[in-house]
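In what follows, every chain begins at residue 1, and chains take the letters A, B, ... in the order their sequences are listed. Hydrogens, waters and symmetry mates play no part in the numbers below; they use all other heavy atoms, side chains included.
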Protein chains: 2
Amino acid sequence: MAGPVTLQDVADHAGVSRATASLVLRETGRVSTQTRQRVTEAMSTLGYVYNRGAASLRTQTANTIGVVVTHIASPFFGEAIHGLETGLTDSGYLPLLVNTDDDPGRQQDAIQKLREHQVAGLALVPATGTKPSLIDQLRAWNMEHVLVSRYIKDVDAPYVGADDVVGGRLAATHLIETHESSSIAYLGGLPAIMSRTDRTNGVKQAMARHGLDPTSLVDVPGAVTGAGGLELGQHLIASGLPLPDGIICHSDSVAFGLYRALRIHGLGTETRVIGYDNIGGAALWEPPLTSVATQGEALGRRAARMLLERIKEPGAPTSIDKTIPELAIRQSCGCP
Amino acid sequence: MAGPVTLQDVADHAGVSRATASLVLRETGRVSTQTRQRVTEAMSTLGYVYNRGAASLRTQTANTIGVVVTHIASPFFGEAIHGLETGLTDSGYLPLLVNTDDDPGRQQDAIQKLREHQVAGLALVPATGTKPSLIDQLRAWNMEHVLVSRYIKDVDAPYVGADDVVGGRLAATHLIETHESSSIAYLGGLPAIMSRTDRTNGVKQAMARHGLDPTSLVDVPGAVTGAGGLELGQHLIASGLPLPDGIICHSDSVAFGLYRALRIHGLGTETRVIGYDNIGGAALWEPPLTSVATQGEALGRRAARMLLERIKEPGAPTSIDKTIPELAIRQSCGCP
DNA sequence: AATGCTGGGACCGGCGATCTA
DNA sequence: CTAGATCGCCGGTCCCAGCAT
């Protein structure tokens, strides 16, 4: 009646010792078929449930992974988390999920908590303003970790993400080569994050290669959300300056917001727009949104794989996995 | 060097017993200020980390909650998970997240795993085809649970969701009263889920009340995704029948897909559309999408609250929390 | 004698090195 | 050499006894 069924109960019921029951449980060691069967039977008749916490305590290993994310509800991170979850559970791990709302303080608290839970590793989308010392801490704590989708300047840490320089270049090159854009804007994204710097650098590279002045890039940082895109779009229009020929948005959501702003002012078809991440909704947008495909779900799966490899091989050198994105060309860029 | 710092190490360093150190840790019992300080100091100089697993083993209580979801990356569940995570972490709990892809088998596996982790409770979006016996099991296992956003027919279980009958009625009433729709379709959503039945019933109620034949409802079940909406929309158009005056979609994503289908055939403004859930992107859509607001994030927070209450008071009677949704009126329904 | 603090040691539920028949 | 048993251990928690005031 009272308390859970323990391995001792199973052993008693089967007339063997705890140790033997444990061997049966883990399908290891040498146990006769008869004994094995008796134990297995006892387990099911008693309704035994393995206590992973007790085992973890003894073996000093956990099968949980901390997943710390800045914006749990954003479409892109939704896809990335999906891939991460798949990769982890496929290997018998379980993610402990925490949202930081991009606040380094909450991030620190979260990591502390996860440490108390003795997670086997940490997949981290670092909040803007994360100090390099965090990585030093993680290393000092022997906490295996992988940064996902955002990295920290001049810090040597395992990383999985898209190659954002290429992403920016791809988008700009298409606008310039195919659509003869001569003035370009980059809209949205917090200025402090490296992926934004990389992308704008990629854009500038493309501009320079095609004889455009890179300093002419209209660089408008801001939130990464749809609301952010709307606001930035309103600003851009209200500035009174002529609209850039091509606008590259920091995310598809920003592009959606931008379109709302354009439409409010009857400018829905006045410029060419490219989004970023190619989330599921991009293809349904009107006009169907051309977007730099970073493949969130695959990215999440790769992050899981890298993290699990590092857990298996703790001494491994830090590896960087920057996938080359592709441009999903649709109509918002002006293509027919 | 070897192994983690334990409470014993802290006690030794501070010159007290483990028990005393433990009292300091938990800020309970009577410990002199001096002793407390010495212990606290020892903890920080040694870099002590609380081992929650060990504590959980002894106290037979966990502070993790299983969160089992059908579609981790869908915008609506993203918002709901966000609220859930907020509610849980605010109370010192941590969510163990598992995705089922709407597969009851994977769901069963997931719950088994979570049981082995001795989670304190379970927030479950039941996969379609979940048998009522699952709830019996949960009860027999003394596993506190709350169903989120989907419930199971004729099963008495704690539930947090929107009142879908009202939701359906709200949408249909608006189409009929304000826009004089006389033919209505309900698009998307798996036929087996109760929330869909509730919504279509609400729609039929509204039709009957306004002198329309409820059996004339064009009922088109299907996937809840944007791709699903696109496919169903294509079908609807290809059927050659005249387009219904008003189309209520099972989710905003379905509505997005439907619009793509309409636009492919140049019918983008030929009917009135209402979505469901009012996700963040609905307001940005062209035309801005009228949608039944179920408030995913608040729903998640309420689910967390109910679950935590049940954990605190295990004997409590099952409560049902059906929030009355509101209609977020924009332009897709034909409003100016 | 009562009160306030601290120490000893038995747990929780598995694991695994060592030992026995 | 094999099937199986013994028992201490992982790192906290908490009851109970002890000791100082």
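If you run side-chain hydrogen bond (donor to acceptor under 3.5 Å, both in side chains) between B/H117 and each of A/N51, A/T64, A/N63, only A/N63 comes through.
When rounded to the nearest whole Å, the span between CG of A/L46 and P of C/dG14 equals 12 Å. In this structure, CD of A/E27 is placed 12 Å from P of C/dC15, rounded to the nearest angstrom. A/R36 places its CZ atom 13 Å from the C1' atom of D/dG4, with the value rounded to the nearest Å.
Considering only heavy atoms from C-beta on, A/V67 stays 4.5 Å or farther from A/E85 through its side chain. Annotation: side chain of A/I81 is in contact with side chain of B/L97 (closest heavy-atom distance under 4.5 Å).
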Legend entry - A/R305/A/D321 under salt bridge (Lys or Arg N to Asp or Glu O under 4.0 Å): CA gap, chis, key distance, verdict: CA-CA 11 Å; A/R305 183 149 42 80; A/D321 173 356; 5.9 Å; no
Look for any protein N or O under 3.5 Å of an N or O in nucleotides 18-21 of chain C and output each such pair with its distance, or none.
none

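From B/E144, atom CD reaches atom CD1 of B/I311 across 7.0 Å, with rounding to the nearest 0.5 Å.
Judged purely by distance below 3.5 Å, without hydrogens or angles, the side chains of B/R26 and B/S22 pair a donor atom with an acceptor atom. A donor and an acceptor atom, one from each side chain of B/Q118 and B/S56, are nowhere located under 3.5 Å apart.
The neighbour count for B/Q295 CD, taken as heavy atoms of other residues, nucleotides or ligands under 6.0 Å away, does not exceed 12.
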Inset, instruction - Using a 4.0 Å heavy-atom cut-off, write out nucleotides 8-21 of chain D from 5' to 3' as B (base contacted by protein), S (sugar-phosphate only) or - (no contact). - result: BBBBBBB-------
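A close approach under 4.0 Å does occur between a side-chain nitrogen or oxygen of A/T35 and OP1 or OP2 of D/dG4.
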